[in-house]
2 protein chains.
Amino acid sequence: MSSRPTIKEVSKIAGVSFKTVSRVLNNEKHVSEETRRRVEEVVARLNFRPSHAARTLAGRKSFQVGLLYDNPSPYYIYHVQTGAQQRCTELGYRLLLQPIDSQSPDLVSNVLALIDETHLDGLILSPPVTEATALLDELDRRSLPYVRIAPGTRKEAGMSASMDDVAAARELTAHLIGLGHRRIAMIRGLESHASSADRLAGYRAELEAHGIPFDPALVVAAENDFASGAAAARELLTLKDRPTAIFAGNDDMAAGALATAHESDIEVPAQLSIAGFDDSDLARAVWPPLTTIRQPVHELASAAAELILSGTAPQSRVTLEHKLMVRASTGPAPR
Amino acid sequence: MSSRPTIKEVSKIAGVSFKTVSRVLNNEKHVSEETRRRVEEVVARLNFRPSHAARTLAGRKSFQVGLLYDNPSPYYIYHVQTGAQQRCTELGYRLLLQPIDSQSPDLVSNVLALIDETHLDGLILSPPVTEATALLDELDRRSLPYVRIAPGTRKEAGMSASMDDVAAARELTAHLIGLGHRRIAMIRGLESHASSADRLAGYRAELEAHGIPFDPALVVAAENDFASGAAAARELLTLKDRPTAIFAGNDDMAAGALATAHESDIEVPAQLSIAGFDDSDLARAVWPPLTTIRQPVHELASAAAELILSGTAPQSRVTLEHKLMVRASTGPAPR
DNA sequence: TTGCGCACTGCCAGCGCTGTCAAATAAGGC
DNA sequence: GCCTTATTTGACAGCGCTGGCAGTGCGCAA
C-alpha cells in the first residue's frame, strides 16, 4: 500500500503496455493524444514516480550532474549550489553536491569513482577545482561533459561561465583613484585561486593606466579569510609611508582589514578606505558596509548548469556582468 | 576501454563467479581469505566501482540519505551539510542535499516524490522543516527513518540531535545580568523556527530568576536577518527608557543591531552591549566581535547522520553542548 | 564406511526501467 | 478496394547488481 507503484501497475490500470507508459514519461512522440492523457491521469492518481535507479541502469543517461567544490566560503558555496540546483531541477536533473579536496593526490581517482558509481551525465567545477588540470585531462579523455565556473587557466577550452575579474578589479581600483587615493595597497588572495592573480593584474593595470607606479611593498598575500586579512592589514598599516586605501581580494579579508582598522582606532573611511570583492553577506553586515564588486555567483552557477544540460556547442563560454557596489567603506583620500 | 568495468569482468579475471565478487564488495562472510584477497586485488587494479543504480535496484537499500533544508543562512546550511556529509561518507553512504520550501502545500508530496525516485534509506530534517508535522506523520506512516536536527515540537518522539536553546539563552542572559544590565532587550527571530521561542523562554526565565520583571516592550520581533535586526534595534533605541543591552536571537540580527548602533553613534559596548546567537562567521567578522552562543551545528548534523545510519533505537535523542563565547560586544552596564 | 554439519561457491531469478525491433493499426494513393 | 507508407503499440532482452537457494568439498562423529 504505502510502497511505491511500478510502471507495470500503472500500465495495467491504464490498459496499455508498460512500454507505452515509459514513452509518456519520457515525452517521446508516437503516442496518441488520447493514450497520453489516459496514462498521465493514472500516473497522477497513483502518484507514480519512476525509479531513478532503474532508469539509470536501463538507459544511457542518469539525469544527474555533479557539482565539485573545495571552497571554505559558506557564502560562495551556498550561492553556487542554489544557482546550479535551481536550473537543474527546472530541467529535470538532479544535482549531486560533492565537496572534494582539490589538492589531494587522489583527486582524479576520487572523481572517477564518483562518476562510475553514479553514472554522472556531466560535471560542474567551481574554483579551485577548475584548475586541476589532471582532472580536466581525464574528463576530456573520457569525453565526459563538464563546465567550469570562473576558470583561471585554459580559459579558451571547453565550456565555462565566468566574470571578468581583471576588468572588475580595474573598476574598483579606478574608483579608489577617483577618490584621490595614490597609495593603494592590495591584499591578495590564495595563489591556488586563479582569480586572485586576475584581480591583482587588474589592480596593477589600472594603476599604470593612471601613471601611478606599482609598489610591490603595497601588495601583501593572505589566505582568503578574515584572520589572514586582518594580519595583512596590520602589516600594511605599520609601513612608514602607509597606504590610504586597501583593496582586499575578497570580502572576508576586507572585513579582517576593517577589524584591524577599528583595533588601531583608524577611522574608515575618513583615514583609510577599504574595499572588498564578492559582495557577500559580510559586505553589508560589517560597519561601515563595504564597497565591493558584486560577483554574480548564483547566475554563474545557473549558467553553468544551463550550459551543460542544454547540449550546446562543446566550447561555449558565457561571461556575466559584475557590478561595482559603492558603500561607506571608501571615501576621499585624506590629505 | 575508458568505460567502466562491471562486476562480471572482475569475476572473470579473478576466476570466480560474479556473486563471489559481490560478496567481497559487501563484506559478507563465507568468503575464504585467499579468494577475498584475489578479488580485492583485481578490483583495485581495474579501479572497479559498483554501479550505485544497480545496487539500489537489486537490493533493498540505496545507501542514500536525504538532507532537507529550508534556511536562508549560508553559514548554517554549509555546516549542516559538511557535518552530515562527512559522517555519511565515512559510513559509505551518499548524502542527497535537497532544498525545499517548508511552507509549500506540496511539501509532503515533493518529499515523497524524492523518496520514491531515489529509494532513500532515511532523511535528515533541519529546521524549520523539522516542524512540518504533516510530513512527519507521513514518514511515520511509511516507517521511513528520519532524524531531526534541533526539533521544536514533538521533542520526545523519534530520533533527534539538538542543543539546549533554553539553557543557552539563560546563560547568555545571565552573562548580561552579571555585567550589571537590568534593561535587557531581546530581538526575537521567526516564529516558524522553534528555537526562537526557546531562546525567548530562556531569556525570560533567567530574568525572572534574578527578580528582573519581564517587560514586553523590550521584546521586538524580527526575521532572522540583518536588515530586520537593524530595524528592530532602531525601534528599541528610540524607547524613552532605552535598554543597555540587546540580546539578538541570532548573529545576523545582532550584526544588524550593531550597525544601527554605529549609525547612531552609540558606542558598543561602552553605551550598549549587544549579544548574538550561533557563533557564525559573522560573529568574528563584525566590530566589535560578538559575544554569542556557539551552536555546534557541524556536530549536530554529524550526530544526526550517525543516528540514522547506525541503526540505533528508534527514539534515541542526542543533546550536544553549546558554549558561551564572550567577546568584545558586551561589557559592563553604563550607569 | 556412511552420514552430517559447516564453510565456501555458483546458478539463476528478478529489481524497474529503456532500447530495439517487430507487429498492429491508421492514413494515404491509385 | 488493395497496397504502400506512416503512425502507434507491444514483446522482449538486458542494464549490473543482490537475494535466495542449491550445490561442492571438507572435517569429524558415529
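Throughout, protein chains are lettered first and strands after them, A, B, ... in sequence-line order, and every chain is numbered starting at 1.
At a threshold of 4.0 Å, the pair E41(B)-R38(B) does not count as salt-bridged, since none of the basic side-chain nitrogens sits closer than that to a carboxylate oxygen. Between E131(A) and R154(A) there is no salt bridge, since no side-chain nitrogen of the basic residue lies less than 4.0 Å from a carboxylate oxygen of the acidic one. Between D121(A) and R60(A) there is no salt bridge, since none of the side-chain N atoms of the basic residue sits less than 4.0 Å from a carboxylate O of the acidic one.
Cation-pi check for R94(B) over F63(B) is not met; the charged atom does not lie both under 6.0 angstrom from the ring centroid and within 45 degrees of its normal.
In this structure, R49(A) atom CZ and dC17(C) atom P are separated by 13 Å, rounded to whole Å. Summarising the geometry, the separation between CZ on F63(A) and P on dC17(C) is reported as 13 Å, rounded to the nearest angstrom.
Put simply, the side chain of D70(B) gets close to the backbone of S102(B): a donor and an acceptor are under 3.5 Å apart. Using a distance-only test at 3.5 Å, with no hydrogens or angles considered, a donor-acceptor pair links the side chain of Q64(B) to the main chain of T118(B).
Atom CD of E9(A) is separated from atom CZ of F18(A) by 13.0 Å, given to the nearest 0.5 angstrom. One finds the CG atom of D281(A) at 9.0 Å from the OG atom of S280(B) (value rounded to the nearest 0.5 Å).
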Would you mind building the protein contact string for nucleotides 8-16 of chain D? One character per nucleotide, 5' to 3', B for base within reach (heavy atoms under 4.0 Å), S for sugar-phosphate only, - for untouched.
BBBBB-BBB
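One end of the helix from dT1(C)-dA30(D) to dC30(C)-dG1(D) points its axis 50° away from the other end's axis, with each axis taken from 5 pairs and the angle rounded to 10°.
For dC17(D), neither phosphate oxygen OP1 nor OP2 lies less than 4.0 angstrom from any side-chain nitrogen or oxygen of S22(B).
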